[in-house]
Amino acid sequence: MGKYDFRCVECNEKASELHRDYTNGILKITICESCQKPVDKYIEYDPVIILIDAILCKTQAFRHILFNTSLNIHWKLCVFCLLCEAYLRWSLLHGSEQSSDPADIIRYTKEWEFYGMFGLAALELSAFCGGVLCFLWVVAGRLQGGTPELSLLLRALLLSCYGKVLLIPAVIWEHDYSPLCLGLIKLFVLTSNSQAIRVILNSSRRFSLMAVCLGLLSETCVAQACRKLPWSIQDMLTFE
């Protein structure tokens with residue numbers, strides 16, 4: 001990272017460094033000139049604690065992850081979450097076709113239906129991110145007098161979708177999940193998305209919620225349009 005690329009996790013002021021490395025391996029955490037607190041207290045924390053704070057949607061944890069680390073797993077995390085969501089949709093499609101043969105799972109996942117569900121989930125995620133980024137590019141650019149960094153916002157949106165990993169238990173315990181459980185997971189993901197936008201733009205909670213709601217509306221419209229097509233994707237998947 002270059003000079004002044006770091007941010008104070010407490011007050012969001014820019015900083016040139018997180019710590020200073022003295023001789024004999026002695027490290028001293030940099031103190032923020034604005035709030036007189038450590039620029040990033042999380043550099044001494046265990047990753048598990050950072051993860052817990054991120055799950056609790058703490059602003060400081062989000063600033064540490066988005067500004068003060070070089071975490072570039074957002075594309076891998078995105079693909080992994082899409083695979084989980086695609087498999088969950090596929091299992092719902094074949095909910096009535098249960099088999100006790102473990103080999104059938106391998107055979108079914110190779111079917112085009114699974115890849116079709118993956119494509120549908122990817123299309124909806126693209127619509128969500130596109131709606132959010134368009135809103136922020138138009139509105140935030142005018143309010144702040146500049147163009148927001150869309151690449152940084154996209155990275156923040158994809159990383160904040162980590163809540164979709166909670167779909168894994170729903171995949172493992174197929175008969176134990178409910179629409180309420182899936183709805184809560186969706187709500188948690190949207191809350192994380194809103195917090196990520198708020199941290200990147202240093203905006204109000206209301207503004208970030210508006211952006212997320214517009215993205216959700218865009219995702220819903222795309223999903224409804226796919227279902228209303230004359231030759232819909234789901235009809236193609238279930239056609240025999």
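Note: hydrogens, waters and symmetry copies are ignored here, and every other heavy atom, side chains too, is used. What you see is a predicted model; the values in this text were computed from it and never measured.
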Mind listing the closest non-hydrogen atom pair of [X] and [Y] along with its distance?
X      : Y      : answer
Phe188 : Leu166 : CD2-CD1, 4.3 Å
Ile200 : Ala156 : CG1-CB, 3.8 Å
Leu216 : Phe128 : N-CD1, 3.5 Å
Asn193 : Ser160 : ND2-OG, 2.6 Å
Val165 : Cys81  : CG2-SG, 4.0 Å
Val222 : Ala127 : CG2-CB, 3.4 Å

Do the side chains of [X] and [Y] join up, straight or via other hydrophobic residues, at under 4.5 Å, putting them in one cluster?
X      : Y      : answer
Leu56  : Ile49  : no
Val79  : Leu82  : yes
Phe6   : Ile31  : no
Leu153 : Ile73  : yes
Leu88  : Leu187 : no

Please examine the side chains of [Y] and [X], heavy atoms only from C-beta on, and report whether any two atoms are closer than 4.5 Å.
X      : Y      : result
Ser34  : Cys8   : no
Phe67  : Val199 : yes
Ile197 : Phe135 : no

Are Ser208 and Ser194 linked by a side-chain donor-acceptor pair shorter than 3.5 Å?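 Checked: Ser208/Ser194 side chains pair up, N/O donor to acceptor below 3.5 Å.
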Interatomic distance, [X] atom [atom1] to [Y] atom [atom2] [nearest 0.5 angstrom]:
X      : Y      : atom1 : atom2 : result
Cys213 : Leu190 : SG    : CG    : 8.0 Å
Leu71  : Ile65  : CG    : CD1   : 7.0 Å
Leu18  : Cys32  : CG    : SG    : 11.5 Å
Phe114 : Leu83  : CZ    : CG    : 5.0 Å
Ile29  : His19  : CD1   : NE2   : 9.0 Å
Arg7   : Gln60  : CZ    : CD    : 15.0 Å

Inter- and intrachain pairs under salt bridge (charged side-chain N to carboxylate O under 4.0 Å, His left out), touching residues 65-85, at least two apart: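 Every salt bridge (charged side-chain N to carboxylate O under 4.0 Å, His left out) pair that includes a residue of residues 65-85, provided the two are not neighbours, is Glu85-Arg89, Glu85-Lys164.
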Salt bridge (charged side-chain N to carboxylate O under 4.0 Å, His left out): pairs with one or both residues in residues 184-212, sequence neighbours excluded: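 Every pair satisfying salt bridge (charged side-chain N to carboxylate O under 4.0 Å, His left out) with a residue in residues 184-212: Lys186-Glu219.
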Any chance you could lay out the side chain to side chain contact (heavy atoms under 4.5 Å, CB included) test for Val212 and Thr191, step after step, and finish with the verdict? CA-CA 9 Å; Val212 168; Thr191 302; over 6 Å; no
What residues, two or more places apart in sequence or in another chain, satisfy side chain to side chain contact (heavy atoms under 4.5 Å, CB included) together with [X]?
X      : value
Ala223 : Glu124, Arg227
Ser151 : none
Cys129 : Leu125, Leu154, Leu157, Leu158
Cys221 : Leu217

Tabulate below the donor-acceptor pairs under 3.5 Å that side-chain atoms of residues 36-48 make, not counting sequence neighbours, or state none.
from, atom 1, to, atom 2, distance (Å)
Gln36, NE2, Glu33, O, 3.0
Asp40, OD1, Tyr42, N, 3.0
Asp40, OD1, His64, ND1, 3.2
Asp40, OD2, His64, ND1, 2.6
Asp40, OD2, Asn68, ND2, 2.9
Tyr42, OH, Asp53, OD2, 2.8
Asp46, OD2, Val48, N, 2.9

Could you walk me through whether Phe207 and Leu201 pass the side chain to side chain contact (heavy atoms under 4.5 Å, CB included) test, one step at a time? CA-CA 10 Å; Phe207 180 78; Leu201 298 180; 3.9 Å; yes
Please report the C-alpha distance between Cys161 and Cys78 in whole Å, then the side-chain angles of each, then the deciding distance to 0.1 Å, and finally whether the side chain to side chain contact (heavy atoms under 4.5 Å, CB included) criterion is met. CA-CA 8 Å; Cys161 287; Cys78 174; over 6 Å; no
Which ILVMFWY residues are connected to Leu209, directly or by a chain of links, through side-chain heavy atoms under 4.5 Å apart?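 None, because no other hydrophobic side chain comes under 4.5 Å of this residue.
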Other members of the hydrophobic cluster containing Val9, with the 4.5 Å side-chain heavy-atom rule, please.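 Other cluster members: none.
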Any residue meeting side-chain hydrogen bond (donor to acceptor under 3.5 Å, both in side chains) with Ser126, in chain and number order, not counting sequence neighbours: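 side-chain hydrogen bond (donor to acceptor under 3.5 Å, both in side chains) list for Ser126, sorted by chain: empty.
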Taking side-chain hydrogen bond (donor to acceptor under 3.5 Å, both in side chains) as the definition, give me every residue that meets it alongside Thr30, ordered by chain and number, with sequence neighbours left out.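 Not a single residue meets the side-chain hydrogen bond (donor to acceptor under 3.5 Å, both in side chains) criterion with Thr30.
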Mind checking whether Phe62 and Tyr162 have parallel, tilted or perpendicular rings, split at 30° and 60°?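 Because their plane-to-plane angle lies in the 30° to 60° range, the rings of Phe62 and Tyr162 count as tilted.
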What residues, two or more places apart in sequence or in another chain, satisfy ring-ring contact (aromatic ring centres under 6.0 Å, His included) together with Phe80?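 Testing Phe80 for ring-ring contact (aromatic ring centres under 6.0 Å, His included), a comparison that skips the adjacent residues, returns none.
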Counting distance only, does the side-chain N/O of Arg155 pair as donor-acceptor with the main-chain N or O of Leu66 below 3.5 Å?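 Present.
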